[in-house]
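Per chain, numbering begins at 1; letters A, B, ... match sequence-line order. Quick caveat, the model's predicted, so the values are computed rather than measured.
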Number of protein chains: 2
Amino acid sequence: MTRRETHAQTRDRLVETAHRLFLSEGYNATSLDKVAAAAGYSKGAVYSNFATKHELGLAVIDVVHHERATSLTAAVGAATTVEDRLAAFTGWAETHIGDVGWTALEVEFATSHRHVEGVHEALALRRREFTGALADLMAGQAAELGVELPLPPEDAAVQLLALGIGLGVQRAFDPELPVTSLVDLLRSFLERATPTDDR
Amino acid sequence: MTRRETHAQTRDRLVETAHRLFLSEGYNATSLDKVAAAAGYSKGAVYSNFATKHELGLAVIDVVHHERATSLTAAVGAATTVEDRLAAFTGWAETHIGDVGWTALEVEFATSHRHVEGVHEALALRRREFTGALADLMAGQAAELGVELPLPPEDAAVQLLALGIGLGVQRAFDPELPVTSLVDLLRSFLERATPTDDR
DNA sequence: GTCTATAAATCGATAGAC
DNA sequence: GTCTATCGATTTATAGAC
């Protein structure tokens with residue numbers, strides 16, 4: 001195995017371990033020492049792969065975004081009818097909004113670094129990318145159903161994402177809060193959608 | 001001035017200073033030393049009034065909640081017609097969601113302490129209180145307009161609050177994001193509202 | 001009640017050996 | 001590239017003087 005490969009492997013293992021610890025214990029509460037030890041390395045290995053702690057944090061955020069996007073696409077894509085898709089989305093939301101600490105981690109990281117040079121630009125970029133992907137997903141779903149959304153897909157995506165963030169944050173410390181309003185929002189989109197005349 | 005009064009005054013000044021610093025620089029980035037010095041006291045005065053840092057944090061969160069509730073009530077309550085109220089709410093949202101760091105502070109505090117014993121219970125309690133107050137405000141507004149909301153006021157309040165949190169968080173590091181969807185949500189409530197028959 | 005002084009612990013980051 | 005050792009800075013929190 002080449003130097004480059006072991007380097008990449010070390011990096012992957014560190015990101016994987018940091019991902020697990022950041023989710024379960026929080027970003028600020030997890031030291032780089034803990035991450036390195038849990039991954040079977042020392043702190044030097046961390047700084048050999050990441051210049052700063054928030055560089056590792058951003059790498060983990062990217063993993064989270066990827067997980068969220070793929071699991072959401074898989075859940076919704078498997079269903080066929082409208083009701084099936086809404087049901088699939090409901091199931092996805094109930095287990096992934098709040099229960100999985102994705103939102104709490106991302107928001108903790110974002111708010112804790114809101115005044116850190118360079119970090120909030122990176123987060124803003126990722127926010128736009130994710131919003132775009134979500135908009136594409138929603139537009140694609142609408143097209144498959146043969147309807148047109150009552151508002152631009154980007155606006156719909158912003159609303160859905162913002163609602164998900166708000167619910168995820170609150171569920172992080174008050175798990176009783178239901179996530180039904182996410183589905184309600186989608187239903188309100190569908191109710192106001194207009195059929196596409198595809199001639 | 002009695003001992004009790006000076007004690008209360010010191011406490012008030014500390015909360016006031018912490019409020020200012022937490023908002024402008026963030027909770028985690030602000031040490032108790034900075035708070036004490038900026039308020040003209042020493043760290044001993046802080047620990048004479050607050051057992052821990054997060055106790056001071058909770059006191060500041062309470063101030064934020066009070067500010068938000070009163071400014072919102074004042075802004076909306078001044079208007080008379082439906083459009084005036086929506087316009088007033090729009091103006092309030094544009095300057096208070098994101099621009100004022102309320103949401104970022106509250107969310108940073110909440111997510112950073114989501115595993116701290118005793119704190120997330122306190123936050124959950126405050127969340128329910130605020131949701132209740134918001135539900136009452138919306139129900140009152142609907143009653144004044146002579147309509148009934150298309151969903152329980154509590155659910156409407158949850159949606160509005162979650163959307164506000166989500167937008168506020170994103171605006172904290174991406175100020176270009178518009179807050180129009182908050183007003184869109186209110187409009188969708190009004191569109192689906194039914195007139196009250198008050199016989 | 002508040003201040004001074006300091007404890008006690010931790011963390012991010014660096015330097016040099018291997 | 002990684003490890004060991006350590007720096008240096010900071011933080012929360014405490015103890016005793018006034």
Side-chain angles (χ1 to χ4, degrees), chain A residues 1-18 21-22 24-61 105 108-109 112-119 122, chain B residues 1-18 21-22 24-61 105 108-109 112-119 122:
Chain A
M1 204 152 56
T2 69
R3 273 277 171 78
R4 199 186 185 100
E5 282 172 344
T6 62
H7 193 57
Q9 188 186 60
T10 301
R11 189 192 149 96
D12 285 348
R13 286 178 179 167
L14 286 172
V15 171
E16 192 179 355
T17 305
L21 291 179
F22 287 173
S24 62
E25 305 185 8
Y27 176 82
N28 291 302
T30 305
S31 70
L32 293 181
D33 235 349
K34 284 187 200 168
V35 174
Y41 294 93
S42 75
K43 209 161 35 171
V46 176
Y47 280 97
S48 167
N49 285 273
F50 304 94
T52 59
K53 185 185 180 182
H54 56 251
E55 197 173 302
L56 174 59
L58 278 177
V60 172
I61 296 288
L105 170 59
E108 179 189 1
F109 185 80
S112 296
H113 293 85
R114 74 194 132 123
H115 291 139
V116 177
E117 181 101 17
V119 178
Chain B
M1 203 153 56
T2 69
R3 273 277 172 80
R4 198 184 185 100
E5 282 172 344
T6 62
H7 193 57
Q9 188 186 59
T10 301
R11 189 191 150 96
D12 285 348
R13 286 178 178 167
L14 286 171
V15 170
E16 193 179 355
T17 305
L21 292 178
F22 287 171
S24 62
E25 305 185 9
Y27 176 82
N28 291 302
T30 304
S31 70
L32 292 182
D33 233 350
K34 284 186 200 167
V35 174
Y41 294 92
S42 75
K43 211 163 28 173
V46 176
Y47 281 97
S48 167
N49 285 274
F50 304 94
T52 59
K53 186 185 180 182
H54 57 251
E55 196 173 302
L56 174 60
L58 278 177
V60 171
I61 297 288
L105 170 60
E108 179 190 1
F109 185 79
S112 296
H113 292 85
R114 75 195 132 121
H115 292 139
V116 177
E117 182 100 18
V119 177

J.: Rounding to a whole Å, what distance do you find between Phe50(B):CZ and dA13(D):P?
T.: 13 Å

J.: My understanding is that only residues two or more places apart in sequence, or in another chain, count here; which of them pass salt bridge (Lys or Arg N to Asp or Glu O under 4.0 Å) with Arg114(A)?
T.: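 For Arg114(A), the residues satisfying salt bridge (Lys or Arg N to Asp or Glu O under 4.0 Å) (neighbours in sequence not counted) are Glu108(B).
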
J.: Can you tell me how far P of dT11(D) sits from CG of Leu56(B), to the nearest Å?
T.: 15 Å

J.: Whole angstroms only, please: what is the CZ-P distance between Arg11(A) and dT2(D)?
T.: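 To the nearest whole Å, that distance equals 12 Å.
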
J.: Side chain to side chain donor-acceptor pair (under 3.5 Å) with His115(B): which residues, sequence neighbours excluded?
T.: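 Partners of His115(B) by the side chain to side chain donor-acceptor pair (under 3.5 Å) criterion come out as none, since no residue qualifies.
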
J.: Atom CG of Leu21(B) to atom P of dT11(D): distance rounded to whole Å?
T.: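 Distance check: Leu21(B) CG to dT11(D) P gives 12 Å.
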
J.: Walk along nucleotides 12-18 of chain C from 5' to 3' and tag each nucleotide B, S or - by protein heavy-atom contact under 4.0 Å, base first, then sugar-phosphate.
T.: BBB----

J.: Which residues satisfy the salt bridge (Lys or Arg N to Asp or Glu O under 4.0 Å) test with Glu16(B), sequence neighbours excluded?
T.: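 Checked Glu16(B) against salt bridge (Lys or Arg N to Asp or Glu O under 4.0 Å); zero matches.
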
J.: With sequence neighbours left out, write down each residue that passes ring-ring contact (aromatic ring centres under 6.0 Å, His included) with Phe22(B), or none if nothing qualifies.
T.: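 Phe22(B): ring-ring contact (aromatic ring centres under 6.0 Å, His included) contacts with Tyr27(B).
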
J.: Throw together a table of side-chain donor-acceptor distances under 3.5 angstrom for residues 40-48 of chain B, partners on residues two or more places apart or in other chains.
T.:
{"unit_1": "Tyr41(B)", "atom_1": "OH", "unit_2": "Thr10(B)", "atom_2": "OG1", "d": "3.4"}
{"unit_1": "Tyr41(B)", "atom_1": "OH", "unit_2": "Arg13(B)", "atom_2": "NH1", "d": "3.3"}
{"unit_1": "Ser42(B)", "atom_1": "OG", "unit_2": "Gly44(B)", "atom_2": "N", "d": "3.4"}

J.: Under 4.0 Å from OP1 or OP2 of dG1(D): is there any side-chain N or O of Ser48(A) that close?
T.: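 Ser48(A) to dG1(D) OP1/OP2: no side-chain N or O under 4.0 Å.
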
J.: Which distance, rounded to the nearest 0.5 Å, do you find between the CG of Leu58(B) and the NZ of Lys53(B)?
T.: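 If we round to the nearest 0.5 Å, Leu58(B):CG and Lys53(B):NZ are 12.5 Å apart.
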
J.: Within the structure, does a side-chain N or O atom of Thr10(A) lie under 4.0 Å from either OP1 or OP2 of dT2(D)?
T.: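 True: Thr10(A) side-chain N/O within range (under 4.0 Å) of dT2(D) OP1/OP2.
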
